2 protein chains.
Amino acid sequence: MRKIADSTVRRLSLYLRYLEEFETEGQATVSSEALATRGGTTSAQVRKDLSFFGSFGKRGLGYPVAELGTRLRDILGLSRRYRLVVVGAGKIGSALAQYRGFRQRGFDIVAMFDNDGEKVGKLYDGVAVRDVADLDAVLEAEQPDIGVIVVPGDQAQAVAERLVRGGVKAILNFAPAPLQVPDDVSLKNVNLALELEALSFALASQRH
Amino acid sequence: MRKIADSTVRRLSLYLRYLEEFETEGQATVSSEALATRGGTTSAQVRKDLSFFGSFGKRGLGYPVAELGTRLRDILGLSRRYRLVVVGAGKIGSALAQYRGFRQRGFDIVAMFDNDGEKVGKLYDGVAVRDVADLDAVLEAEQPDIGVIVVPGDQAQAVAERLVRGGVKAILNFAPAPLQVPDDVSLKNVNLALELEALSFALASQRH
DNA sequence: GTTTGTGAAACGATTCACAGCT
DNA sequence: AGCTGTGAATCGTTTCACAAAC
């Protein structure tokens, strides 16, 4: 399959949100212009993004809201549910576990892990924290799709390697450390320090 | 000042981390190649990124570790401390408040807000949660640099507008909603749902 | 000999503009 | 007439490659 840019995929996710909004508003069709306005992009961009996957609209009319939504869910792989494991039950890890939005959108946390005996056994939204020593066994038993890494930076690479060995094919990394994973494993990083420093740079530039 | 790409700024932040590592390792100089290897990029990229701001290296030798670190901190605006307000004291908001990494890197949370009476008055790492009704007054009194939005999506735009009116020039938005802010206000978005959906897309594509 | 700094080339993403369908 | 789908043009970023400095 043709390589799709990350920026395109992110916009598709946004279009799907807007389609759901248009659907609850009772709109049957929507133009690329209308989607663009809501998403802060251009109509040409919307059409180009969609054209990578097929032609879903009717000239003169626009796109059928409900049907395009279904197609986007298929394209994004959101017609199924995903099984997540969260490694690290600190502040951020436990906040994620209790965030309802994930479950709502099809992402179920099936297990949590920590290496701190104090935290092992705690329940977050019905999921018990297990000892990280059990990680490999649980990966084998539960066959999760996605691993979420929320451990200190110096432990992140080791956790990533255990997840990969356990068959996980997608990793969301919150640790402030660059991870090496095989080509067939997808990796997304969320680095709060980097975001704040980008804001710091912008503030410093403004001030001249 | 010449427009610097966001991707460049993010790499500069990473280089700074690596320089700090090299410094504790006792390295006096470092080559663009060495920085590139640690950061998963190329030596040409490192040199190009740095060249936007000056020429910091010596041909045949590399870059002086300590000095380049100082220069990068200046460029990124990290030679000073920043004052943050966090709006929303839910799971993610309170996790952020308790995350020591921010303070360590120069970002001090000076106030937190919530509209839930249950949460008002709680202390997170020494910072009390105040009623969001007090937001405008506190902005005036505290003159914070950065606002962090951690409220539900439908309240995010209103909070952003109050922050902007209160003089905040940089916003970090965790709410899953696109925000409109004036051109002179910097905005970074962290959208966990979008990251998970990008992983979902990658998994779906892999499977064909 | 080594490594920087930087124009030029290559690549990738966005925007333009219009032919073609409804 | 209205709006999509898309090749061509533009714009921005990364990579190449080499002269200059040490």
Side-chain angles (χ1 to χ4, degrees), chain A residues 1-15 18-19 22 27-69 71-72 75 178 194 198 201-202 205, chain B residues 1-15 18-19 22 27-69 71-72 75 178 194 198 201-202 205:
Chain A
M1 194 199 225
R2 181 138 85 292
K3 169 77 170 48
I4 302 295
D6 202 66
S7 51
T8 299
V9 176
R10 297 175 73 93
R11 282 193 301 269
L12 292 177
S13 284
L14 291 174
Y15 302 157
Y18 305 144
L19 286 169
F22 281 119
Q27 303 274 339
T29 60
V30 70
S31 67
S32 56
E33 183 58 39
L35 274 173
T37 304
R38 196 157 299 200
T41 179
T42 66
S43 60
Q45 181 79 80
V46 172
R47 295 197 299 278
K48 182 69 81 176
D49 286 342
L50 295 175
S51 77
F52 291 133
F53 299 96
S55 56
F56 308 117
K58 285 223 192 327
R59 291 165 200 237
L61 264 175
Y63 300 90
V65 171
E67 195 191 312
L68 182 56
R71 298 303 314 268
L72 283 184
I75 289 164
L194 242 51
F201 173 78
S205 305
Chain B
M1 190 197 225
R2 182 141 80 294
K3 169 79 170 50
I4 302 295
D6 201 67
S7 50
T8 299
V9 176
R10 298 176 73 93
R11 282 192 301 269
L12 292 177
S13 284
L14 292 174
Y15 302 156
Y18 306 144
L19 286 169
F22 282 119
Q27 303 273 338
T29 61
V30 69
S31 67
S32 57
E33 182 58 39
L35 274 173
T37 304
R38 197 159 298 201
T41 179
T42 65
S43 60
Q45 181 79 79
V46 172
R47 294 197 301 276
K48 183 67 83 176
D49 286 341
L50 295 176
S51 77
F52 291 132
F53 299 95
S55 57
F56 308 117
K58 285 224 189 328
R59 294 167 198 235
L61 264 175
Y63 299 90
V65 171
E67 195 191 312
L68 183 56
R71 298 303 314 267
L72 283 184
I75 291 165
L194 243 50
F201 174 76
S205 305

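This one's a predicted model, so the numbers in the text were calculated from it and none came from an experiment. Below, read A as the first sequence line, B as the second, and so on, with proteins coming before strands; counting in each chain starts at 1.
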Please encode protein proximity along nucleotides 15-22 of chain D as a string of B, S and -, counting only heavy-atom distances under 4.0 Å. BBB-BBBB

Looking only at heavy atoms, what is the nearest atom pair of A:T29 and A:L61, with distance? OG1-O, 4.0 Å

Residues pairing under salt bridge (Lys or Arg N to Asp or Glu O under 4.0 Å) where one sits in residues 48-67 of chain A, two or more places apart or in two chains, turn out to be A:R11-A:D49

Have a look at B:S32 and say if it touches a base, only the backbone sugar-phosphate, or nothing, with a 4.0 Å heavy-atom cut-off. sugar-phosphate

B:L50 CG to D:dT13 P: how many Å, rounded? 16 Å

Whole angstroms only, please: what is the CG-P distance between A:L68 and D:dT4? 11 Å

Heavy-atom side-chain proximity of A:L12 to A:F52 below 4.5 angstrom: no

Enumerate the salt bridge (Lys or Arg N to Asp or Glu O under 4.0 Å) contacts for residues 29-46 of chain A, please, sequence neighbours excluded, ordered by first and then second residue. A:E21-A:R38, A:E25-A:R38

Flag side-chain contact, heavy atom, 4.5 Å: A:I4 against A:F53: yes

Looking at every non-hydrogen atom in both residues, tell me the closest pair between A:L194 and B:S13 and how far apart they are. CD1-CB, 3.5 Å

To the nearest 10 degrees, what angle separates the axes at the start and end of the helix from C:dG1-D:dC22 to C:dT22-D:dA1, five pairs each? 0°

Is any side-chain heavy atom of A:L68 closer than 4.5 Å to one of A:L50? yes

Using whole Å, what does the distance between atom P of nucleotide D:dT4 and atom CG of A:D49 come to? 13 Å

Run the salt bridge (charged side-chain N to carboxylate O under 4.0 Å, His left out) test against B:R47 and tell me which residues pass, sequence neighbours left out. none

Let me confirm one number: the OG-OH distance from A:S32 to A:Y63, rounded to the nearest 0.5 Å. 5.5 Å

Reading DNA chain C from 5' to 3', where do the contacts with chain B start and stop? Cut-off is 4.0 Å to heavy atoms. C:dT2 to C:dA8

note: A:F52, atom CZ; D:dG7, atom P; distance rounded to Å ~ 11 Å

So do A:Y18 and A:V46 actually touch side chain to side chain, heavy atoms under 4.5 Å? no

For the side chain of B:S205 and the backbone of B:F201, is there at least one donor-acceptor N/O pair under 3.5 Å apart? yes

